[in-house]
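Accompanying notes for the structure given below.
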2 protein chains.
Amino acid sequence: MPSQPRTVKHQPGPRRRHGLTREQIAKAALDLIDAEGLDGLTMQRLAGSLGIGTMTLYGYFRSKDELLDAVIDAASEPEGSFTRQGPWREQLAELVRLNYRRLVRHPALVQIRLRRPILRPRSLRFGETILAILHEAGFGAEEAAGAFRLIFTYVFGYAALSPQQTVEEQRRETAAAIALLPPEQYPHLTDTANEVSMAMAGENQFEYGLQRVLDGVEAAHGRQVAG
Amino acid sequence: MPSQPRTVKHQPGPRRRHGLTREQIAKAALDLIDAEGLDGLTMQRLAGSLGIGTMTLYGYFRSKDELLDAVIDAASEPEGSFTRQGPWREQLAELVRLNYRRLVRHPALVQIRLRRPILRPRSLRFGETILAILHEAGFGAEEAAGAFRLIFTYVFGYAALSPQQTVEEQRRETAAAIALLPPEQYPHLTDTANEVSMAMAGENQFEYGLQRVLDGVEAAHGRQVAG
DNA sequence: ACCTGAACACCGTTCAAGT
DNA sequence: ACCTGAACACCGTTCAAGT
């Protein structure tokens, strides 16, 4: 169950011995995960990087799970640069791009989300804005919810399936695996090894798929309106 | 780097003391992951369930990673029921549905893929068949590779982001989180809480998104052919 | 040749003790 | 009141020893 972000004691000044706040600790944890993956965040290492005893962390957070909630909040600062302008499709595209970049900046969000749903108010802003745009574009409630789920699946799915390795490493690895296949059993993969290797890594592919997803949402809406 | 599925010794008969094969062990590991998640698979527990010593496993697999490769193969039996029939769009849809069901049957595949790319020949069959269908439909190499990546992202992303909890639990949790939001700040989410909760859980949503993805692929192909 | 217990360097968290 | 070392029940894997 999701735990509330309550402070252990409600005191304005840093009465604590180390002068640390929950937010500062969460930020340090976020940096650790972004740099080394979710497995890289251990209570021992986090405490070590802050120069405090491991058990001191449990004075700020009841468990590692509660710490992860704070990490999510730390990574979910509102997107200041987003302003709703232009046709609904372009508004959606821009919002999705901004949130995709956030996920690239903070792989921690993706890795945590793969373990459990993220339902913090700050994170739900993304859904609220998408629904607002679709509502204004004339989408019904069910239609809008379906489109939101698809868009959410695409942006998180893309980020989740993008490797932590460099683009170059990934392409080489894909190409190497294809090169090992018997061409007569895998003719198309063999013939298009280059194109497939390119498509499986790199951020330019994100935009291509996003446009296809929006094509699909738009097409269904057009049929709905027409029918 | 991906390790080869080589047997430690090439002997036809089960000369081994326990009479166990790599395949049998991999199958047991697959069952463990499917039932309890990737974290549920530990060398100690797997050995225990097989009634052998932990270290005996290392006589069959050089490392846990090599064991996971065998688990992937065990879960990737070819889809016997798939026959290419009808228009390309329906062929794609059916192939994707079959593979989605495979992922639902074997969450192990999704959980392993989130840790590293899956590049085993048996798994690459999926890509080969998609490329074959698209090629026959007149897609160019780059266009086909882009469509493959999108479809792959959708099917794995959808499976990866689907919770391990029951559909009912998930819906209740989503609805509860929305109910906690201040309605004046989240008006659309509040108004469509029901539709959103439904859309975020349950397999019927998979088909909706799949059709939108195929709409997008089809629309882009139509423009390509027309232009 | 095949199998395996003990040991090592890790985890998250409980508990009891320090200041 | 705040902090923390020791300890517990785990991990994957190395090593040396059993049959």
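Being a predicted model, the structure only gives us computed values, none of them experimental.
- A:Y60 has its OH atom 9 Å from the C1' atom of D:dC3, to the nearest Å.
- In this structure, CZ of B:F61 is placed 16 Å from C1' of D:dT13, rounded to the nearest angstrom.
- The number of heavy atoms from other shown groups lying within 6.0 Å of CD (A:E142) does not exceed 12.
- At whole-Å resolution of the value, NZ in A:K64 and P in C:dC10 are 15 Å apart.
- The neighbour count for A:K27 NZ, taken as heavy atoms of other residues, nucleotides or ligands under 6.0 Å away, does not exceed 12.
- Contacts of B:L57 with the nucleic acid, taken as non-hydrogen atoms under 4.0 Å apart, are absent.
- As a whole-Å value, the separation of A:I52 CD1 from D:dC2 C1' is 12 Å.
- Only one option out of B:L150, B:V110, B:V96 pairs with B:V155 in a side chain to side chain contact (heavy atoms under 4.5 Å, CB included); it is B:V96.
- Remark: D:dC11 base-pairs with no nucleotide; criterion is Watson-Crick or G-U wobble with both hydrogen-bond distances under 3.5 Å.
- Here the nucleotide nearest the side chain of B:M55, chosen from D:dT13, C:dC3, D:dT4, is D:dT13.
- Rounded to whole Å, atom P of D:dC11 lies 10 Å from atom CG of B:D39.
- Put simply, CG on B:D65 is 18 Å from P on D:dC11, counting in whole angstrom units.
- Nearest to the side-chain atoms of B:S63 among the listed nucleotides C:dC3, D:dT13, D:dC3 stands D:dT13.
- A straight line from OH of B:Y58 to C1' of D:dT14 spans 10 Å, rounded to a whole angstrom.
- Taking atom CG of residue B:L38 and atom C1' of nucleotide D:dG12, one finds them 13 Å apart after rounding to whole Å.
- Remark: B:R149 fails to qualify as a cation-pi partner of A:F206 under the 6.0 Å distance and 45° angle criteria applied to the six-membered ring.
- A salt bridge links A:E94 with A:R97: the distance from a Lys NZ or Arg NE/NH1/NH2 to an Asp or Glu carboxylate oxygen falls below 4.0 Å.
- Of the side-chain N and O atoms in B:H18, one or more sit less than 4.0 angstrom from OP1 or OP2 of C:dT4.
- Among the protein residues, B:L67 comes within range of no part of the nucleic acid, since none of its heavy atoms lies under 4.0 Å from any strand.
- More than 12 non-hydrogen atoms from other residues, nucleotides or ligands lie less than 6.0 angstrom from CE of B:M43.
- Remark: A:R115 pairs with B:D39 by the side-chain hydrogen bond (donor to acceptor under 3.5 Å, both in side chains) rule, at least two apart or across chains.
- Remark: C:dA16 base-pairs with D:dT4. Criterion, Watson-Crick or G-U wobble with two distances under 3.5 Å.
- DNA chain D is contacted by no residue of residues 42-50 of chain A, taking any non-hydrogen atom closer than 4.0 Å.
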